[in-house]
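One structure below.
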Number of protein chains: 2
Amino acid sequence: MSKTKDSKTEHIILEAAKRVFQNKGMDGARMQEIADEANINKAMLHYYYRSKQQLFEAVFNTAFALLAPQLNAILNDDSSVEVKIRNFTKNYISFISRHPYLPTFIIQELNRNPNFVLKMKDKKGFPNIEKFKKQIALEIQQGTLKPVKGEQLFINIMALNIFPFVASPLIKAFVNIDDKAFKQLVEDRKTEVADFIINSIKA
Amino acid sequence: MSKTKDSKTEHIILEAAKRVFQNKGMDGARMQEIADEANINKAMLHYYYRSKQQLFEAVFNTAFALLAPQLNAILNDDSSVEVKIRNFTKNYISFISRHPYLPTFIIQELNRNPNFVLKMKDKKGFPNIEKFKKQIALEIQQGTLKPVKGEQLFINIMALNIFPFVASPLIKAFVNIDDKAFKQLVEDRKTEVADFIINSIKA
DNA sequence: ATATTTATTAACCAATTGGTTAAACTAAAT
DNA sequence: ATTTAGTTTAACCAATTGGTTAATAAATAT
């Protein structure tokens, strides 16, 4: 941490901005709405964050900083692939249930501005897949896993865990269930998804 | 088809609107930009579609109408689960490669306005999961499939097929590959994903 | 040919939006 | 006590945006 300042107002603004950007996106969000949400004069937003763009980036960065360690858990942890997948699935679904807006927000904004992710890649703590790939190759060689490419397995794990949250309105409609049933279904996935993956790749 | 009209201009506008809405979304799109894209006066947009909202809905409906039959393929086709999954995966990935904007657009806009999907549910042709659930239950009983809930399997199939397209900027960054390598990776998934699923559920 | 309906355009408009400014208020430093 | 620096506000501003209008051009019907 470089800034010891972090005035109370600054923090209140960031929290309000988080809530508004989260479900309106950059384009849909209005500075006035953020100000109202923070019970504060609109000029304060510019006083602390200069522009909408900079306020947005502050929100995006904190959101991403929250998500990245979750992914690093599965990429860099030292336990066996099976244990990692079981832990990750349970933890990740539990994590997202507490921040359901997160993946949608990040994915949506990265699609809007794909070169935005490049700035992130340099920062330390940015998820890197290399160690995971080596581990997969090793376990295949040891005979505990069927042959599978690390990249593809990683994508599958991400897809199975994240997709239901990103596409929740679609899923609710197709499967024809209400919010409560959806919540239960997601809860079930904490073990369901891990079993599904392990079943597929275990030798 | 009710309208034999469909003037040429009307069609040009819809195509232009598709392109703009597709990568800017409802909030980010500008009527003037759509007009420019169509090489036409902005007033024409209102002449044919009255409002931005109605033009958007026209675009959304055509997009959804394109996607729905793809999903019905796996839900209502009569072949075995294994065959269906193999066919669907290959066809769907090939389909989306031709319309890479589609799933992101639909998911993004449904998240922006979740009750929008309710209007869709009434229309015939809206994907329904019931038949698929019965088929899964039957094959489990016959001993060709391991026990698995139809809803969860359906979600897994959707997730594995759709997610890479929705989260492509994120995946490219994590797996550290460029557009070309990503394209190859997606191409590989035409068989990869089917194998992954079948491996997991086959008794 | 002429009237009438349909298509198209340029100019305009009111509302919204991100951002600024100058003045006022507050708290800390002298 | 008073200067000083930081904080907050109301009012304002220029640009943008979705949408309208009135006039014109093109096609269709009579």
Side-chain angles (χ1 to χ4, degrees), chain A residues 1-63 105 108-109 112-113 116 119, chain B residues 1-63 105 108-109 112-113 116 119:
Chain A
M1 289 289 107
S2 56
K3 288 182 184 169
T4 333
K5 207 56 190 299
D6 260 34
S7 82
K8 197 169 187 174
T9 313
E10 195 174 343
H11 184 250
I12 289 174
I13 292 174
L14 193 67
E15 288 301 311
K18 224 186 268 184
R19 270 169 275 148
V20 174
F21 278 129
Q22 134 207 162
N23 59 70
K24 304 279 176 101
M26 170 65 168
D27 292 330
R30 297 289 164 253
M31 293 298 268
Q32 187 58 59
E33 192 182 350
I34 296 174
D36 293 345
E37 182 78 24
N39 285 314
I40 223 167
N41 189 286
K42 178 165 69 87
M44 297 305 295
L45 306 183
H46 293 94
Y47 181 77
Y48 282 104
Y49 292 91
R50 293 195 64 86
S51 67
K52 185 185 183 184
Q53 179 65 26
Q54 280 184 56
L55 176 54
F56 170 78
E57 288 185 18
V59 168
F60 186 88
N61 287 337
T62 51
F105 173 67
Q108 180 183 140
E109 297 302 326
R112 203 176 53 83
N113 187 2
F116 198 63
K119 294 184 207 161
Chain B
M1 289 288 109
S2 56
K3 287 182 187 170
T4 332
K5 207 57 191 300
D6 260 35
S7 84
K8 198 168 185 172
T9 313
E10 195 175 344
H11 184 249
I12 289 174
I13 291 174
L14 192 67
E15 287 303 310
K18 224 187 267 185
R19 270 170 276 148
V20 174
F21 278 129
Q22 132 207 163
N23 57 70
K24 304 279 177 99
M26 170 66 168
D27 291 330
R30 297 287 164 255
M31 293 299 268
Q32 187 59 58
E33 192 182 349
I34 296 174
D36 293 346
E37 183 78 25
N39 285 314
I40 223 168
N41 189 285
K42 179 164 69 85
M44 296 306 292
L45 307 184
H46 292 95
Y47 181 75
Y48 283 104
Y49 292 92
R50 292 196 62 87
S51 67
K52 185 185 184 185
Q53 179 65 25
Q54 280 183 56
L55 176 54
F56 170 79
E57 289 185 18
V59 169
F60 186 89
N61 287 337
T62 52
F105 173 67
Q108 181 183 139
E109 296 303 327
R112 203 177 51 84
N113 187 1
F116 199 63
K119 293 184 209 162

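Protein chains get the first letters and strands the later ones, always in sequence-line order, with residue 1 at the start of each. Below, all heavy atoms of this structure are taken into account, side chains as well, without hydrogens, waters or symmetry copies.
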Could I get a table of every N or O pair under 3.5 Å where one atom is in the protein and the other is in nucleotides 14-17 of chain C?
| unit_1 | atom_1 | unit_2 | atom_2 | d |
| --- | --- | --- | --- | --- |
| C:dT17 | OP1 | A:Arg30 | NE | 2.7 |

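- OP1 and OP2 of D:dG6 both lie 4.0 Å or more from every side-chain N or O belonging to A:Ser7.
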Open item on the list: Each nucleotide in nucleotides 23-28 of chain C should get exactly one letter: B, S or -. Can you fill that in based on protein heavy atoms under 4.0 Å?
Closed with: ------
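- Between the OH atom of A:Tyr47 and the C1' atom of C:dT21 there is a distance of 14 Å, given to the nearest Å.
- Looking at heavy-atom distances under 4.0 Å, B:Tyr48 makes contact with sugar-phosphate atoms alone, never a base.
- Taking every heavy atom of both residues into account, A:Glu57 and A:Phe116 meet most closely at CG-CZ, 3.7 Å.
- B:Met44 and B:Ile13 get closest at one heavy-atom pair: O-CD1, 3.8 Å.
- Across every non-hydrogen atom of A:Thr62 and A:Lys18, the tightest pair is OG1-CE, 4.1 Å.
- In this entry the distance linking CD1 of A:Ile40 with C1' of D:dA10 reads 15 Å, nearest Å.
- Rounded to an integer number of Å, the gap from OH of A:Tyr49 to P of C:dG18 is 17 Å.
- Under 4.0 angstrom from either OP1 or OP2 of C:dT8 there lies at least one side-chain N or O belonging to B:Thr9.
- Rounded to whole Å, atom P of D:dT9 lies 10 Å from atom CG of A:Asn39.
- Closest heavy-atom contact between A:Leu14 and A:Ala58: CD1-CB, 3.8 Å.
- Across the interface with DNA chain D, nearest-nucleotide mapping of A:Ala43 and B:Asp27 shows A:Ala43 to be the residue nearer the 5′ end.
- Contact detail for B:Leu45 and B:Ala35: the closest heavy-atom pair is CD1-N, 4.0 Å.
- If you check C:dA10, C:dG19, D:dA10 against the side chain of A:Asn41, the one that comes closest is D:dA10.
- For the pair B:His46 NE2 and C:dA10 P, the computed distance is 16 Å after rounding to whole Å.
- Following rounding to the nearest Å, B:Lys8 (NZ) and C:dT6 (C1') show an atom-to-atom distance of 17 Å.
- Summarising the geometry, the separation between CD1 on B:Ile34 and C1' on D:dG19 is reported as 14 Å, rounded to the nearest angstrom.
- Here CG of A:Asn61 is found 8.5 Å from NZ of A:Lys119. Values are rounded to the nearest 0.5 Å.
- A donor-acceptor pair shorter than 3.5 Å cannot be found between the side chains of A:Tyr47 and A:Thr9.
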Open item on the list: Set out, in order, the CA-CA distance, both residues' side-chain angles and the distance that settles side chain to side chain contact (heavy atoms under 4.5 Å, CB included) for B:Phe56 and B:Glu109, then state yes or no.
Closed with: CA-CA 10 Å; B:Phe56 170 79; B:Glu109 296 303 327; 3.4 Å; yes
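- In this structure, A:Arg50 places its CZ atom 10 Å from P of C:dG19, rounding to the nearest Å.
- The NZ atom of B:Lys24 lies 3.5 Å from the CD atom of B:Glu33; values are rounded to the nearest 0.5 Å.
- When B:Ile34, B:Leu55, B:Val59 are each tested for a side chain to side chain contact (heavy atoms under 4.5 Å, CB included) with B:Tyr49, only one passes: B:Leu55.
- Looking at heavy atoms from C-beta onward, A:Met26 lies in side-chain contact with A:Gln53 at the 4.5 angstrom threshold.
- Separating the CG atom in B:Asp27 from the NZ atom in B:Lys52 is a distance of 6.5 Å, to the nearest 0.5 Å.
- Between its two ends, the helix from C:dA1-D:dT30 to C:dT30-D:dA1 turns its axis by 10°, counting five pairs per end and rounding to 10 degrees.
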